Amino acid sequence: MQKDHKIKGLDNKKHILIYSAPVLVAKAFAFFLIPISTHYLSPQEFGILELMLTTVAIASTLISFGWDSTLTRYLSDKQNKMESNRWIVSVLTIRLSGHFLLLVFIYFLRMNLVKVIGLPLQYLPLLWLVLATTILADLVQTIQLVFRANQQSIAYAITAVSATLANFLCSLFALVVLKSGITGLVSAQIIAGLLTITFAIFRIRKQLKWSFPKFSYIKEALKFGTPLVPATIALSLTHWSDLLMLVHLLPEELALSEVGIYSVATKFSSILALVFVGFSTWWAPYAYSNYKRPNAQKKFGNILEFYFLILFLTAVPIILLSKEILELLTSSAYQRASFFVSLMTISSIVHMFGAYSAIGIGIYKKNHIKMIGGIGLSVLNIALNFFLITRYGTFGAIFATMFSYLGYGLYLQICSQKLFPIPIRWFSIALMSIFLASIILSLNLALFYRVILLIGGIFLSLICFPEKYRFLWKEVLKSIRYPNSDL
């Protein structure tokens, strides 16, 4: 057993807290980098950087072989320490091989890639810098995932905090002190990545020592993970196709600026992911380890309903106050993105809840379902983008993403519920989702009326899930009465 497992009284709630607290602080630094970047980078520069990051991310996913889901799924089943370590080394071998293929892939297609994303050849050196940051970040994430899969929450949190803080401080120095633009920003992130990977390897050195990859594990990992690649690419391709079609379908003088504003709106809507970083890292290993227990489905249903409730309560103020948030945190060039932020927040909820609640697909290792759904998502998104962007511009790209995620989420839910039925009150979730969509129309109202709508959203959630509030109240009282007891 790993060290974290020996901590007395370390139950599931404490694992979530240990995942959430330090990682939330670190992720907050990354989020705060967004408004700083918008003051030192123009929308055009932001658009160029986002196009390159997304392009390299898709190329990286192409040769990822589903390593993240594979490691999480199989390490949850391994009780023998030596076998677990051999699984880790086997997956690392896959990742290093994938990075080599990525370098070869980018080298031979570098000219075409720059042209496809609609940028001049002068940006080719920047593409190599972005590639380096992507590889370093991927290696760090692989080691973090080992800690997560083994439920070594403290080791995971320390590594995550170190990675994000190093990236934030180096980026801040490049932007504010050196004022070196996007080239300096990406170079600073490479330095941060080198520092972080050194620290991460030091943390995991004992698990790598005297362990060698096992061919049968590599074969099994590829068999499980490869069908996930189309689904993962599809999710990345959804964002990438939005950016590419904005570049190629909008007038040239507007394209990169619109891409930059769209990207900033996407990053602000990621506040939801920031809030739920602890849950997202804890949920899959927990579900895979406990799905055979009595009443697991009922318990999973309660967890997912509570998850949606917190998503809803987080999204309502983001949507209603998006105008004020952007005015406070960004320069004037980005402030018209408030409506984009609201729509993308709803899109994020559809994606996040749809992905995490369809846990039955992973439990029964039916990853071909995600592959089929991912292909369908890509085709639908590209078709909608082509139809909507030509008519509605950036709004069309956002609506295309939202409708595509909705279709993908519904497909995963239907398949997952057939495999592993989880009782969820879908009517209440649908009612709250309709409320979220309707309040977007209120963005031009005075702040007073939007605050009233915010209160109305809280009352609606109280009506839909009253027992969840009673649970929260009991936990608060318990913490006050017994502050030193286990949660």
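Here the structure is a predicted model, which is why all the values come from computation and not from measurement.
Just one of I389, N381, L388, T390 meets the side chain to side chain contact (heavy atoms under 4.5 Å, CB included) condition when paired with M245; it is I389. Considering I36, V176, L185 in turn, L185 is the only one that fulfils the side chain to side chain contact (heavy atoms under 4.5 Å, CB included) rule with S171.
Qualifying salt bridge (charged side-chain N to carboxylate O under 4.0 Å, His left out) partners for E50, counting only residues two or more places apart in sequence or in other chains: K267.
Residues F395 and F339 bring their aromatic ring centres within 6.0 Å. Checked against the 6.0 Å centroid threshold, W283 and F300 count as a close aromatic pair.
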Let's go through R425 and F465 carefully: what are the C-alpha distance in whole Å and the side-chain angles of both, what is the deciding distance for side-chain contact (heavy atoms from CB on, under 4.5 Å) to 0.1 Å, and is it a yes or a no? CA-CA 9 Å; R425 284 170 287 182; F465 295 117; 3.2 Å; yes

Yes or no on side-chain contact (heavy atoms from CB on, under 4.5 Å) for Y123 and I117, after CA distance, side-chain angles and deciding distance? CA-CA 11 Å; Y123 288 104; I117 59 182; over 6 Å; no

Go through the steps to decide whether Y307 and M352 satisfy the test side-chain contact (heavy atoms from CB on, under 4.5 Å), and finish with yes or no. CA-CA 10 Å; Y307 174 55; M352 292 171 65; 3.5 Å; yes

I106/L113 under side-chain contact (heavy atoms from CB on, under 4.5 Å): CA gap, chis, key distance, verdict: CA-CA 8 Å; I106 296 291; L113 280 176; 3.5 Å; yes

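Counting only heavy atoms from C-beta outward, the side chains of F353 and L304 approach each other to under 4.5 Å. Here the side chains of I429 and W426 are in contact, with some heavy-atom distance below 4.5 Å. Within the 4.5 Å cutoff, no side-chain heavy atoms of K323 are placed close to those of L447. Annotation: side chain of T401 is not in contact with side chain of L343 (no heavy-atom distance under 4.5 Å). In this structure, I424 and F308 have side chains that are not in contact, with every pair of non-hydrogen atoms separated by 4.5 Å or more. Inter-residue side-chain proximity for Y291 and F420 is flagged as met; some heavy-atom pair is nearer than 4.5 Å. Contact annotation: the side chain of L243 approaches that of S263 to within less than 4.5 Å [non-hydrogen atoms, C-beta and beyond]. Between I452 and I455 there is no side-chain heavy-atom pair separated by less than 4.5 Å.
Nearest heavy atoms, L412 versus G354: CD1-O, 4.4 Å. When all heavy atoms of V341 and I318 are compared, the closest pair comes out as CG1-CG2, 4.3 Å. When every heavy atom of Q297 is checked against every heavy atom of P421, the shortest pair comes out as NE2-O, 3.0 Å. Across P43 and S257, no two heavy atoms sit closer than the pair CB-O, 3.8 Å. Minimum interatomic distance between L419 and G360 (heavy atoms only, all atoms of both residues): CD1-O, 4.0 Å. For the pair Y262 and A397, the tightest heavy-atom approach, listed with the atom from each and the gap, is CE1-CB, 4.1 Å.
Note on residues 371-392: no pairs pass salt bridge (charged side-chain N to carboxylate O under 4.0 Å, His left out), not counting sequence neighbours. Residue pairs meeting the side-chain hydrogen bond (donor to acceptor under 3.5 Å, both in side chains) criterion with at least one partner in residues 447-464, sequence neighbours excluded, are E324-R450, S461-Y469.
In this structure, L377 CG and Y411 OH are separated by 11.5 Å, a value rounded to the nearest 0.5 Å. To the nearest 0.5 Å, the span separating CD1 on I349 from OG1 on T314 amounts to 8.0 Å. From S378, atom OG reaches atom OH of Y408 across 9.5 Å, with rounding to the nearest 0.5 Å. A distance of 8.0 Å separates OG in S416 from CD1 in I369, rounded to the nearest 0.5 Å. Rounded to the nearest 0.5 Å, atoms CD1 (I191) and SG (C170) are 6.0 Å apart. To the nearest 0.5 Å, atoms OG (S342) and CD1 (I398) are separated by 9.5 Å.
Looking at S180, its side chain does come within 3.5 Å of a backbone N or O of A174 through a donor-acceptor pair.
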